[in-house]
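Source: prediction; values computed, not measured. Computed from heavy atoms alone, side chains included, the values below leave out hydrogens, waters and symmetry copies.
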Amino acid sequence: MDRYLVFGHPVRHSKSPFIHTLFARQTQQELEYGLAEPAVDEFAQALRTFFDQGGKGCNVTVPFKEQAFTLVDCLSPRAKRAGAVNTIKLTDDGVLLGDNTDGAGLVADLKSHGVTLADSRILLLGAGGAARGALAPLLAELPSELVIANRTHTKAQLLAAEFHDLGPVTSQTYEQLAGPFDLVINSTSASLQGALPPLAPALIHTDIAIYDMMYGASDTAFISWAKQHGARQTMDGLGMLVEQAAEAFTVWRGIRPGTKQVLRELKRNLGVI
């Protein structure tokens, strides 16, 4: 049976085995999917061993995405742009292909919620790996402007400059931000600590769409804050998790699974519904 893994540290909390098992059942694919939590300095050896022993593909999560980028034989265009790899496939000719499905998963989830990206003004909070992975897919949807804001403004400036060839992307400090924005995406990990980006409440209005890449059994701190200030459409990153997994499954198996029922099952598993 074909074997797949998710590599991370820590990774025991990962919902990837649950999601991919449902995908396999749905598409009648014979595979098994497990977890691997090597020590941070043992990832390269663990990855090599997995494929030497017949592994077909893997997902890669924190803190190994940037390291995976350097370990594969070739990169997809979107992985090159992201500077990180979250999906690896062993091709039929024995080549390790590195891909990045995070941004595609984000865009697919936004569209599933009816969010219009074309000609919209988007604010992206954060300038780390999650933001980097999202930029090219978001710009491919032809927004009127994409503004990056980050606590360290220099990082936002560098990121905007790097992606400027793909569309109208700029950077601003949090203090400089001026609305209105149609969509705000929080790519920071602040919600994991119950913290908030330093965003002015005045930027929130009733017609804005709010997206937090983090998720939990209840509203994240950022979503709770946005609701308190009048946002009516708020979304967390659970749908992105499922959509990026579906994209990875398609890379591996050549068949695209449906995501709606899997997302419902995942929400039940987490106690969200």
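Taking 4.0 Å as the cut-off between side-chain N and carboxylate O, Glu162 and Arg81 do not count as a salt-bridged pair.
The hydrophobic cluster containing Leu142, built from Ile/Leu/Val/Met/Phe/Trp/Tyr side-chain heavy atoms closer than 4.5 Å, comprises no other residue.
Taking Leu90 as the reference, Phe51, Leu96 meet the side chain to side chain contact (heavy atoms under 4.5 Å, CB included) condition, with sequence neighbours excluded. Partners of Glu32 under the side chain to side chain contact (heavy atoms under 4.5 Å, CB included) rule, at least two apart in sequence or in another chain, are Met1, Arg3. With sequence neighbours left out, the salt bridge (charged side-chain N to carboxylate O under 4.0 Å, His left out) criterion links Asp219 to Lys227. Listed by chain and residue number, Arg78, Glu247 satisfy the side chain to side chain contact (heavy atoms under 4.5 Å, CB included) test with Ala104 (two or more places apart in sequence, or in another chain). In this structure, Arg48 has no salt bridge (charged side-chain N to carboxylate O under 4.0 Å, His left out) partners at least two apart in sequence or on a different chain. Taking Ala46 as the reference, Phe7, Pro38 meet the side chain to side chain contact (heavy atoms under 4.5 Å, CB included) condition, with sequence neighbours excluded.
Note on residues 63-97: pairs passing ring-ring contact (aromatic ring centres under 6.0 Å, His included), not counting sequence neighbours, are Phe43-Phe64. Each salt bridge (Lys or Arg N to Asp or Glu O under 4.0 Å) pair with one or both residues in residues 52-74, not counting sequence neighbours, appears once here: Lys65-Asp102. Identified under the ring-ring contact (aromatic ring centres under 6.0 Å, His included) test for residues 166-191, with sequence neighbours left out: none.
For the pairing with Leu183, the side chain to side chain contact (heavy atoms under 4.5 Å, CB included) check across Ile208, Leu110, Leu123 returns one residue only, Leu110.
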Donor-acceptor pairs under 3.5 Å, side chain of residues 16-24 to any protein atom, not counting sequence neighbours: which ones?
from: Ser16; atom 1: OG; to: Ser14; atom 2: OG; distance (Å): 3.3
from: His20; atom 1: NE2; to: Asn59; atom 2: OD1; distance (Å): 3.3
from: Thr21; atom 1: OG1; to: Pro17; atom 2: O; distance (Å): 2.7

What donor-acceptor contacts under 3.5 angstrom involve side-chain atoms of residues 145-158, with partners at least two apart or in another chain?
from: Glu145; atom 1: OE1; to: Arg121; atom 2: NE; distance (Å): 2.8
from: Glu145; atom 1: OE2; to: Thr170; atom 2: OG1; distance (Å): 3.2
from: Asn150; atom 1: OD1; to: Ala127; atom 2: N; distance (Å): 3.3
from: Asn150; atom 1: ND2; to: Thr152; atom 2: O; distance (Å): 3.0
from: Arg151; atom 1: NH2; to: Leu196; atom 2: O; distance (Å): 3.2
from: His153; atom 1: NE2; to: Ser171; atom 2: OG; distance (Å): 3.4

